[in-house]
Amino acid sequence: MIGGGVVGLIVIGLLVFLGIRAFAGDDETPTSNPTTTEQPTGEPTGQPTTSTSGGPGQNGELGNATGQAKTATEKLQGLGFGCSDLFNTGQGAHRGCFKQDGRKGAEAIFQFQSDGSIIAVRLQAEDDDNFNNAQVAFDQVLQALGNDTFGADQVKKVQDAVKTGQRSDEVGTTWGEFQLSNQGQSVRLTGHKSGEDSLDLPDQSFDTTQAQLVTTLKAKGYVCTTSCKKDIGKYGYQRVFFYASSGKGIKDIEISASGEAEDAKKALPAALGDAFGALKGGNVAAVKAYVDAHNDGKPYSAYVGGWKVEISGNTSASYTSQQVSIQYESFYA
């Protein structure tokens, strides 16, 4: 038995500790991060934001999900997709599940409320070599997310629309209105639930401006026009391409190396070092850590530190091309 006075002292001590933590902010890095859809992320107030101290959305990982979102995530993971959260708060989450394999790939991007109800989607599959394969991959993604979210009968409406082969079509369902697009070698479906608005995305940019990046790269021997490029080997090059509004921080950047296999293999780390060395702010350390941890030549896509990061490449007997793309996420549904 513990006396009332002792209990009171414990409670007062706990309140003081929490007050100090609240005053100090969340600057500490957790010793571990959630890695499954079962782990909670807390319920901060206000608009969705990305964390600067680890956790979901910081290192290509997942936060909490229940209901429709949890079911869709597990089905997509069962198909070989890797899933991660751009943000995950008490008000809702923005999740992407990606699967890349050279010249073909698929993705399911969806937003959901705190109870797991999916309120907005963007589904896409592409295959540069065979459009029929893109349609098959799209149908897999559609069923994995749609059967439990829209209902199998509403999924069939979308499937029937795809079969018509129209370049663009509006598809009405009891869940909501969709825009279907068959462009080139890809199939895309976007839409949001009736009566619900998609969640606003947190703004994201690096502190470094275009002018600052150009100055730094020129000092390292790059020739800069619409991008910054440095020749390597017999016919190869390493390149840094970027986009930013005038005087504003960079919002998109692609670092690449192309040429003979050995030349490109050496050039990409050098180009990455030059680019990351020039970038400031925008969770650049988390992005760099993710890229460094996924340098095995395989394709990857994930949300990391508020960015969509894609690692891709093509290799043949005589030519190799490798790219790392870091983009501000845009989402229209």
Point to revise | Sub-4.5 Å side-chain heavy-atom contact between Lys308 and Glu107 | key: yes
Check your understanding: Linking I/L/V/M/F/W/Y whenever any side-chain heavy atoms sit under 4.5 Å apart, do Phe241 and Leu272 land together?
Key -> no
Check your understanding: Looking only at heavy atoms, what is the nearest atom pair of Ile118 and Lys193, with distance?
Key -> O-CD, 4.0 Å
Study note, to complete from the structure: Value for CD1 (Ile109) from SG (Cys83), rounded to nearest 0.5 Å, stands at 11.0 Å
Check your understanding: Is there a donor in the side chain of Ser321 and an acceptor in the side chain of Gln323, or the other way round, less than 3.5 Å apart?
Key -> yes
Check your understanding: Does any donor atom in the side chain of Gln179 or Ser168 lie under 3.5 Å from an acceptor atom in the other side chain?
Key -> yes
Study note, to complete from the structure: Taken to the nearest 0.5 Å, the spacing of Asp153 CG from Asn147 CG works out to 9.5 Å
Point to revise | Validation row, ring centre Trp307 to ring centre Phe206 under 6.0 Å | key: yes
Practice item. Give a yes-or-no answer on whether the side chains of Gln143 and Asp139 include a donor-acceptor pair shorter than 3.5 Å. Key: yes
**Study point:** Close side-chain approach of Lys288 and Val291, heavy atoms under 4.5 Å
**Key:** no
Revision key, fill the gap. Interatomic distance, CD@Gln111 vs CG@Asn88, rounded to 0.5 Å, equals 11.5 Å
Review point. Tyr300 and Lys298: which non-hydrogen atoms are nearest, and at how many Å?
Key: CD1-O, 3.2 Å
Point to revise | For the student: nearest non-hydrogen atoms of Ile232 and Ala267, plus distance | key: CD1-CB, 3.2 Å
Point to revise | Verify same cluster id: Val158, Ile119 (apolar side-chain graph, 4.5 Å) | key: no
Point to revise | Evaluation steps, side chain to side chain donor-acceptor pair (under 3.5 Å), between Ser312 and Glu310 | key: CA-CA 6 Å; Ser312 59; Glu310 295 182 337; over 6 Å; no
Review point. Are Thr190 and Val121 close enough, and set up right, to give a side-chain contact (heavy atoms from CB on, under 4.5 Å), and what steps lead you there?
Key: CA-CA 6 Å; Thr190 59; Val121 301; over 6 Å; no
Exercise for review: Verify the distance criterion only: is there a donor paired with an acceptor across the side chains of Ser117 and Gln68 at less than 3.5 Å?
Suggested key: no
**Study point:** Under 3.5 Å: donor-acceptor pair, side chain of Thr66, backbone of Asp115
**Key:** yes
Practice item. Could you tell me which non-hydrogen atom of Val304 sits nearest to which non-hydrogen atom of Ala286, and how far apart they are? Key: CG1-O, 3.7 Å
Practice item. Mark yes or no for whether Asp85, through its side chain, and Phe87, through its backbone, hold a donor-acceptor pair below 3.5 Å. Key: no
Practice item. Show your reasoning for whether side-chain contact (heavy atoms from CB on, under 4.5 Å) applies to Leu123 and Leu145. Key: CA-CA 9 Å; Leu123 313 179; Leu145 185 143; 4.2 Å; yes
Review point. Would you find a donor on one side and an acceptor on the other, under 3.5 Å apart, between the side chain of Thr173 and the backbone of Gly176?
Key: yes
**Study point:** Parallel, tilted or perpendicular, as decided by the 30° and 60° cut-offs, for the rings of Trp175 and Phe178
**Key:** parallel
Exercise for review: Determine yes or no for a side-chain-to-main-chain donor-acceptor pair under 3.5 angstrom, with Lys251 supplying the side chain and Tyr243 the backbone.
Suggested key: no
Exercise for review: Could you check Asn295 against Leu268 for side-chain contact (heavy atoms from CB on, under 4.5 Å), going step by step and ending with a plain yes or no?
Suggested key: CA-CA 10 Å; Asn295 63 352; Leu268 184 62; over 6 Å; no
Point to revise | Cluster overlap Phe276 with Ile250, hydrophobic side-chain contacts below 4.5 Å | key: yes
Point to revise | Glu196-Gln113 side chain donor-acceptor pair, cut-off 3.5 Å | key: yes
Point to revise | Ring-face cation of Lys229 near Tyr237 (centre distance under 6.0 Å, axis angle within 45°) | key: yes
Point to revise | Within 6.0 Å of NZ in Lys230, more than 12 heavy atoms from elsewhere | key: yes
Practice item. Can you measure from NZ (Lys99) to OG (Ser301) and round to the nearest 0.5 angstrom? Key: 13.0 Å
Check your understanding: To the nearest 0.5 Å, how far apart are CG in Asp200 and CD in Gln91?
Key -> 12.0 Å
Practice item. Answer yes or no: is there a side-chain heavy-atom contact under 4.5 Å between Cys228 and Val214? Key: yes
Review point. Say you draw a straight line from NZ of Lys156 to CG of Leu142; how long is it, rounded to the nearest 0.5 Å?
Key: 12.5 Å
Practice item. With Ile253 as reference, evaluate Thr208, Leu279, Val287 under the side chain to side chain contact (heavy atoms under 4.5 Å, CB included) test and give the passing residue. Key: Leu279
Review point. How about Tyr235: does its OH atom have over 12 heavy atoms from other parts shown lying under 6.0 Å from it?
Key: yes
Point to revise | Minimal non-hydrogen separation, Ala120 against Ser198, with atom names | key: CB-CB, 4.0 Å
Check your understanding: Are any side-chain N or O atoms of Asn283 and backbone N or O atoms of Gly305, one a donor and one an acceptor, separated by less than 3.5 Å?
Key -> yes
Practice item. Kindly work out whether a path of hydrophobic side-chain contacts (I/L/V/M/F/W/Y, heavy atoms less than 4.5 Å apart) joins Leu62 to Leu79. Key: no
Review point. Is it true that Arg122 and Glu329 have a side-chain N and a carboxylate O under 4.0 angstrom from each other?
Key: yes
Practice item. Please determine, by modelled atom types, if Asp274 and Tyr222 share a side-chain donor-acceptor pair under 3.5 angstrom. Key: yes
Point to revise | Sub-4.5 Å side-chain heavy-atom contact between Asp203 and Tyr328 | key: yes
Check your understanding: In terms of hydrophobic clusters joined by side-chain contacts under 4.5 Å, are Val309 and Val240 together?
Key -> yes
Check your understanding: So, does Asp101 use its side chain to make a donor-acceptor pair with the main chain of Lys104 at under 3.5 Å?
Key -> no
Review point. Should Leu213 and Phe242 count as side-chain neighbours, where that means a heavy-atom distance under 4.5 Å?
Key: yes
Point to revise | Non-neighbouring partners of Phe331 that pass ring-ring contact (aromatic ring centres under 6.0 Å, His included), sequence neighbours left out | key: His94
Review point. Are Lys75 and Asp148 close enough for a salt bridge, meaning some N to O gap below 4.0 Å?
Key: yes
Check your understanding: Does the salt bridge (charged side-chain N to carboxylate O under 4.0 Å, His left out) test come out yes or no for Lys266 and Glu260, once each step is laid out?
Key -> CA-CA 10 Å; Lys266 296 176 182 177; Glu260 294 182 329; over 6 Å; no
**Study point:** Check: Phe98 ring centroid to Tyr303 ring centroid under 6.0 Å
**Key:** yes
Check your understanding: Judged by modelled atom types alone, do Arg95 and Ser84 share a side-chain donor-acceptor pair under 3.5 Å?
Key -> no
Review point. Does a side-chain N-to-carboxylate-O contact under 4.0 Å join Glu126 and Arg188?
Key: no
Check your understanding: Is there a side-chain contact between Phe81 and Val141, using heavy atoms and a 4.5 Å cut-off?
Key -> yes
Practice item. For Lys157 and Gly172, work out which heavy atoms get closest and say how close. Key: CD-O, 3.7 Å
Check your understanding: Is the closest side-chain heavy-atom distance between Leu201 and Leu86 below 4.5 Å?
Key -> yes
Point to revise | Residue pair Ser186, Phe131: steps toward the side-chain contact (heavy atoms from CB on, under 4.5 Å) verdict | key: CA-CA 7 Å; Ser186 69; Phe131 182 58; 5.8 Å; no
